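Quick caveat: nothing in here was measured; it's all calculated off a predicted structure. Whatever order the structure lists them in is the order used to number ligands and atoms, beginning at 1.
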Amino acid sequence: MTYSSKNIAILGAGLLGRLLAFELANVGCRVSVYDKGSPQSPQSAAFVAAAMLAPLAESVSTEDSIVRMGYYSLERWPKILDLLDEDVFFQQTGTLIVWHHQDTSSAQHFKNQLNKTTEYLTHSHLSQNLNKHDLMQLEPQLSHQFEEGIFLPEEGQLDNRELLNALLKKGTQLGVQYQWQYAVDLEQFPANTFDHVIDCRGLGAKSNVPELRGVRGEVIRIYAPEVELTRPIRLIHPKYPIYIAPKRNHIYVIGATEIESEDDSPVSVRSALELLSAAYTIHSGFAEARILESGAQCRPSFKNNLPKIMLHKDLRFIHVNGLYRHGFLIAPAIIDCLLNILLENSNPLANQLDIEIQDLSYDHIH
Ligand SMILES: Cc1cc2nc3c(=O)[nH]c(=O)nc-3n(C[C@H](O)[C@H](O)[C@H](O)COP(=O)(O)OP(=O)(O)OC[C@H]3O[C@@H](n4cnc5c(N)ncnc54)[C@H](O)[C@@H]3O)c2cc1C
């Protein structure tokens, strides 16, 4: 079967659904996407996310496979963005880690974990310890608050909303048919009219993938014209890593909480206080910032917090899920792996990057 004769349905138009639709349409497949929401996708985890691409910073609390998927994807993102017509904010100017004096022992733990990761990575210039003078060179506005820091120069970030919009536009231009306000119920879905049905509904797939769970994350978006930070800053914090990700035009995303709950109701007062106070301790200029919005969503996660591709025997039905807090970090690796399976009938990336592939033994399709 040639690519162009494949007729593919994608369920969900969040991060995975849009990226996959674009990639498949780009190689000539006929693609239809069904999403329960609207083109802006405010109900997706992708809409709320900070979209940092930080494999090494994440390595402190995740598996080696995520780090490898992250580095693979860091190389892939600029190539993907080059194929889109809209300009998407992307930068790879590193992550800066800082901590307050009382969190020095947590910082030491962070350094120890980093050292373990860098031992098995072949990249150079992975991590640099900074003194006050180095901090002054890198982020002058932070050098008054902090005596030292860690710089991870290869890390990046992108603008999630610009990306979602650009993927939608390019996909539509390539012929992808988007059906909005279409909440898929697999029992009713006309799966037999497609060669492949690929389920990218995130936590919305839980009724068919019961082992999924949601991990609530809250963020606050602010406008801070007095603050000049040029790269994502992570503050080592006793509860969860707090970050400030600068986007275009003095907009900063402050996040994110990590709560074992599937509650996606608005941000709590406690979380808002914690996030905003932490930001204020990083830079007092945030005191005069304007709060543009706050948002909460659940990260779709499996028990081990690792992603999984689940294949029906004849590839007619596929679930891709469990990207947890790493969706932007690893999506290109996951999508390339899936494309290998779908279009080339091989999966070298799955072995190279340790992406879990599971054969489904049950049948959803009527
Ligand atoms: C607060 C927060 C911060 C984050 N920060 C980062 C970060 O800095 N870096 C990073 O790499 N990752 C980050 N993430 C994680 C990232 O956002 C997710 O891993 C990623 O969005 C998962 O992609 P997905 O396509 O599987 O799910 P989603 O993006 O959630 O998309 C699922 C889509 O399916 C649709 N859907 C659901 N049910 C149905 C149904 N029945 N029928 C039709 N459509 C349906 C939804 O409307 C939605 O559009 C963050 C997440 C959160 C919540």
Practice task
May I ask you to decide if the ring planes of Tyr34 and Phe194 are parallel, tilted or perpendicular, using 30° and 60° as cut-offs?
Solution key: perpendicular

Could you tell me the residue and atom name of the protein heavy atom closest to [atom], and the distance to it rounded to 0.1 Å?
| atom | value |
| --- | --- |
| atom 30 (O) of ligand 1 | Ala45 N, 2.9 Å |
| atom 37 (C) of ligand 1 | Arg201 O, 3.4 Å |
| atom 13 (C) of ligand 1 | Arg325 O, 3.4 Å |
| atom 27 (O) of ligand 1 | Gly202 CA, 3.9 Å |
| atom 5 (N) of ligand 1 | Ala50 N, 3.3 Å |
| atom 31 (O) of ligand 1 | Gly14 CA, 3.2 Å |
| atom 23 (O) of ligand 1 | Leu15 CB, 3.8 Å |
| atom 14 (N) of ligand 1 | Ala49 CB, 3.7 Å |

Problem - Atom pair CG (Leu329) and CD (Glu155), whose distance is rounded to the nearest 0.5 Å - result: 8.5 Å

Fill in the blank from the handout: Between the NE2 atom in His250 and the OH atom in Tyr223, the distance rounded to the nearest 0.5 Å is 6.5 Å

Problem - Lys169 NZ: over 12 foreign heavy atoms closer than 6.0 Å - result: no

Is any side-chain N of the basic residue among [X] and [Y] closer than 4.0 Å to the acidic one's carboxylate O?
| X | Y | answer |
| --- | --- | --- |
| Lys36 | Asp185 | no |
| Arg325 | Glu58 | yes |
| Glu139 | Arg231 | yes |
| Arg68 | Asp354 | yes |
| Glu211 | Lys206 | no |
| Asp263 | Arg216 | yes |
| Lys247 | Glu162 | no |
| Glu23 | Arg76 | yes |

Practice task
Give a yes/no verdict on whether any heavy atom in Leu11 is under 4.0 Å from an atom of ligand 1.
Solution key: no

Problem - Heavy atom of Gly255, distance to ligand 1 below 4.0 Å - result: no

Practice task
In sequence, state the C-alpha distance, the side-chain angles, and the governing distance for Arg201 and Asn321, and then conclude on side-chain hydrogen bond (donor to acceptor under 3.5 Å, both in side chains).
Solution key: CA-CA 8 Å; Arg201 288 175 296 162; Asn321 220 314; over 6 Å; no

Close N or O approach ([X], ligand 1; < 3.5 Å):
| X | result |
| --- | --- |
| Gly37 | no |
| Glu218 | no |
| Met52 | yes |
| Cys298 | no |
| Ala46 | yes |
| Leu16 | yes |
| Asp35 | yes |
| Asn321 | no |

Practice task
Check step by step if ring pair (Phe, Tyr, Trp, His ring centres under 6.0 Å) holds for Tyr178 and Trp180.
Solution key: CA-CA 6 Å; Tyr178 278 94; Trp180 301 108; 5.2 Å; yes

Could you see which bit of [X] sits under 4.0 Å from ligand 1, with heavy atoms only: side chain, backbone, both or neither?
| X | value |
| --- | --- |
| Lys36 | both |
| Ala51 | backbone |
| Ala13 | backbone |
| Leu329 | both |
| Tyr243 | side chain |
| His326 | backbone |

Under 4.0 Å from any heavy atom of [X], which atoms of ligand 1 are there?
| X | value |
| --- | --- |
| Tyr182 | 42 (N), 43 (C) |
| Leu323 | 19 (O) |
| Gly217 | 1 (C) |
| Ser41 | 49 (O) |
| Val184 | 40 (C), 41 (N), 42 (N), 43 (C) |
| Gly12 | 34 (O), 35 (C), 44 (N) |
| Ala183 | 42 (N) |
| Ser44 | 28 (P), 29 (O), 30 (O), 31 (O), 48 (C), 49 (O) |

Exercise for the section: Decide yes or no on ring pair (Phe, Tyr, Trp, His ring centres under 6.0 Å) for His319 and Phe317, but give the supporting numbers first. Expected result: CA-CA 7 Å; His319 296 287; Phe317 200 93; 5.1 Å; yes

Exercise for the section: Check whether any side-chain N or O of Arg30 sits under 3.5 Å from a backbone N or O of Ala9 as a donor-acceptor pair, and report yes or no. Expected result: no

Handout entry: Tyr280-Leu275 co-clustered via ILVMFWY side chain contacts under 4.5 Å
Key = no

Handout entry: Cation-pi check, Arg161 onto Phe47 ring (under 6.0 Å, within 45° of axis)
Key = yes

